[in-house]
Amino acid sequence: MTKQPRGKTPLRPAPEPIEPNAVAMVDGLTIAWAVAFVVMLVLHGPLSSSGRGWWVWTGAAGIVLGFFGMWYCRRRRAAILRHRAALDAEAAAGPTAGPTAEPAAESEAGASPTAPGDDPDATPTNTAKAP
């Protein structure tokens, strides 16, 4: 039995990562950019006179990128849900019934199950035999 050093607590396993609600985050930030755009549009005159007229276009770019983010996050969430549903269906189906194939016995000790020319990873430099 090993003793913990005085004042030290034992290590606990790391918790599972939290899946953020990216769709809600992107939606909220896109709405924030839209509000900022409207405010900057109302204040376009004073912003332009002080050399900050480009701020309006920054708000517009935030909205456009936000719409792209909405599309992307919804698509990603749907793909994750489809993947989880497929895994759940596979787990519910249980092991597949059917004959189990036993690997063929090798005729010689150390013989490869494939012919030398059948290796898809083989390159001409690693298939040549040294003299």
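Residues take their numbers from the sequence shown, with the count starting at 1.
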*asked:* Let me check something: do Leu43 and Val56 share a hydrophobic cluster, defined by ILVMFWY side-chain heavy atoms less than 4.5 Å apart, either directly or through other members?
replied: yes

*side-chain contact (heavy atoms from CB on, under 4.5 Å) between Leu29 and Ile31, worked out*: CA-CA 5 Å; Leu29 290 172; Ile31 291 170; over 6 Å; no

*Are Val35 and Val38 connected in a single hydrophobic cluster, I mean Ile/Leu/Val/Met/Phe/Trp/Tyr linked by side-chain heavy atoms less than 4.5 Å apart?*
no

*State the OG1-CZ distance between Thr58 and Arg52, to the nearest 0.5 angstrom.*
12.0 Å

*Roughly how far, to the nearest 0.5 Å, is the CH2 atom of Trp55 from the OG atom of Ser50?*
7.0 Å

*Look at the rings of Tyr72 and Phe68 and say which category their plane angle falls in: under 30° parallel, 30 to 60° tilted, over 60° perpendicular.*
parallel

_Salt-bridge contact Glu19-Arg76 (side-chain N to carboxylate O under 4.0 Å)_ = yes

*Is it possible for you to say whether Phe67 and Trp71 belong to one hydrophobic cluster, with membership spreading through side-chain heavy-atom contacts below 4.5 Å?*
no

*Is Leu41 reachable from Trp57 through a run of hydrophobic residues whose side-chain heavy atoms are each under 4.5 Å from the next?*
no

*Going from OG on Ser48 to CE on Met40, what distance comes out if it is rounded to the nearest 0.5 angstrom?*
12.0 Å

*Are Ile63 and Leu47 joined in one hydrophobic group, where the rule is that I, L, V, M, F, W and Y side chains link up if heavy atoms are under 4.5 Å apart?*
yes

_Closest non-hydrogen atom pair, Arg74 against Asp27_ = NH2-OD2, 3.0 Å

*Mind running side-chain contact (heavy atoms from CB on, under 4.5 Å) on Met70 and Val23 for me, showing each step along the way?*
CA-CA 6 Å; Met70 287 178 182; Val23 174; over 6 Å; no

